[in-house]
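Shown next, in structure tokens, is the structure this report addresses.
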Amino acid sequence: MNLNLTSTIKVPEHRLRREVVALCRQTGKPVLKLSTKDYIDHFLGHWVEKYGSAGLVNIAVFNELQHTITGWPGGKPEADDTFRPERALPYPKRVVVFSPHPDDDVISMGGTIRRLMQQGHDVHIAYETSGNIAVNDEEVSRFMHFVNGFNQLFADGKDQVIAESYQSIKRLIAGKGGSEGDRKALLTLKGLIRRGEARLACAYNGIATDHIHFLDLPFYESGAIEKLPMSERDVLPIQQLIADIKPHQIFVAADLADPHGTHRKCTDAVLAAIDEEKQAGASWIADCRVWMYRGAWAEWDVADIDMCVPMSPEELREKRNAILKHQSQMESAPFLGNDERLFWQRAEDRNRATAQLYDDLGLACYEAMEAFVEYKI
């Protein structure tokens, strides 16, 4: 089993697109305004010679970029899909979105998830890790106070499990000691908080409870920032899930800039599971496409993008609303990094920047865009 597939991920070369996009940046011109002189002055005259004129080069690249834009990320049924990034059929599609932490789905592709739901696709969200270490102790205190208050109001404080747990967790958070069991209970509570937030975000996007999957991959459960090595135990739950669902689309995180490495390991686990299914001869693989997204840490280069899903101002606001369901990851989140922006701010800035790049190149001007690269199975 190959457990290090991210080292072999290759984005499409798109050499012509890459060089013309770079030329647009150097000249400050949109694609369709590049001249023969621009190409020659920047040592790209060979493209003019190959295509016959600068105008034909421009049109070829413009069309290539235009064809990456779609408002139908699951494919548009009963439409000519010759130049669309996703095929029209089958419809509706079974879709699995893999999210490394319980908020990466809405941060990275919240607009696309809502669009897939609105267009009638069967969307599953699979949260790969509990995300428990990214919850501050004060968040647990807030929930424990509520549970203890509930016990006092409706049971006269007679529920001893709640009363004893409340006191032990309270002592642990206050730094007054605690057993190994108390520490594990604290992490379990933190994971429970994140599950609740994920369910709220899914409900906001219209995703049914039985389409939410918490995988809690073992590599993450070290109780510390440093994770355990990834193993087959992390791959098997993913393989079982995709074998059961037989998806037509899989969305997977490829945000390898994640500073703690969780995204990389999650990506490796998903790709290894797909590879295992392929080697086992699973018939559904032939009818499945894998789309890679990036998250709060980086974005695809415009020259690499295979599919770009635009959002209106209202849709971007709806994406923000879903992100805000993850309250433990707002101001008090312990792993925001050196970037002082909150996750919803990073997501909006990134999506707007992608839209601005397309606008600068002379394509349609949208409020924001989410970008994807296809992973060839």
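Values below: all heavy atoms of this structure, side chains included; hydrogens, waters and symmetry mates excluded.
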| Do the two ring centres, one from Phe251 and one from Phe98, sit under 6.0 Å apart? | no

| query | Glu348 pairs by side chain to side chain contact (heavy atoms under 4.5 Å, CB included) with which of Arg346, Arg352, Gln345? | reply | Arg352

| task | Verify whether the ring centers belonging to Phe214 and Tyr127 lie closer than 6.0 Å. | result | yes

| query | Parallel under 30°, tilted from 30 to 60°, perpendicular over 60°: which one fits the rings of His124 and His213? | reply | parallel

| message | For Arg87 versus Leu89, what's the shortest heavy-atom pair and its separation? | response | CG-O, 3.1 Å

| side chain to side chain contact (heavy atoms under 4.5 Å, CB included) partner of Arg195, chosen from Asp216, Ile212, Asn132 | Asp216

| task | Classify the angle between the aromatic ring planes of Phe83 and His67 as parallel (below 30°), tilted (30 to 60°) or perpendicular (above 60°). | result | parallel

| task | May I ask you to check whether over 12 heavy atoms, not counting those of Arg233, lie within 6.0 Å of atom CZ? | result | no

| said: Could you measure the distance from the CD atom of Glu370 to the CE atom of Met109? Nearest 0.5 Å is fine. | reply: 7.0 Å

| request: Examine Leu342 and Leu316 and state if one hydrophobic cluster contains both, with Ile, Leu, Val, Met, Phe, Trp and Tyr joined whenever side-chain heavy atoms are less than 4.5 Å apart. | output: no

| Under a 4.5 Å cut-off applied to non-hydrogen side-chain atoms, are Asn205 and Glu318 in contact? | no

| Parallel under 30°, tilted from 30 to 60°, perpendicular over 60°: which one fits the rings of His101 and His263? | tilted

| Taking everything shown except Glu78 itself, do over 12 heavy atoms lie less than 6.0 Å from its CD? | no

| task | Determine, stepwise, if the pair Glu86 / Trp72 fulfils side-chain hydrogen bond (donor to acceptor under 3.5 Å, both in side chains). | result | CA-CA 8 Å; Glu86 211 5 305; Trp72 295 82; over 6 Å; no

| Can you tell me how far CZ of Arg17 sits from SG of Cys24, rounded to the nearest 0.5 angstrom? | 12.5 Å

| message | Taking atom CD as the centre, does Gln279 end up with more than 12 heavy-atom neighbours from other residues, nucleotides or ligands that are less than 6.0 angstrom away? | response | yes

| remark: All heavy atoms of Val95 vs all of Leu116, minimum pair found to be CG1-CD1, 4.2 Å

| said: Would you say the rings of Tyr39 and His46 are close, in the sense that their centroids are separated by under 6.0 Å? | reply: no

| query | Yes or no on side chain to side chain contact (heavy atoms under 4.5 Å, CB included) for Tyr358 and Thr68, after CA distance, side-chain angles and deciding distance? | reply | CA-CA 11 Å; Tyr358 272 79; Thr68 66; 2.8 Å; yes

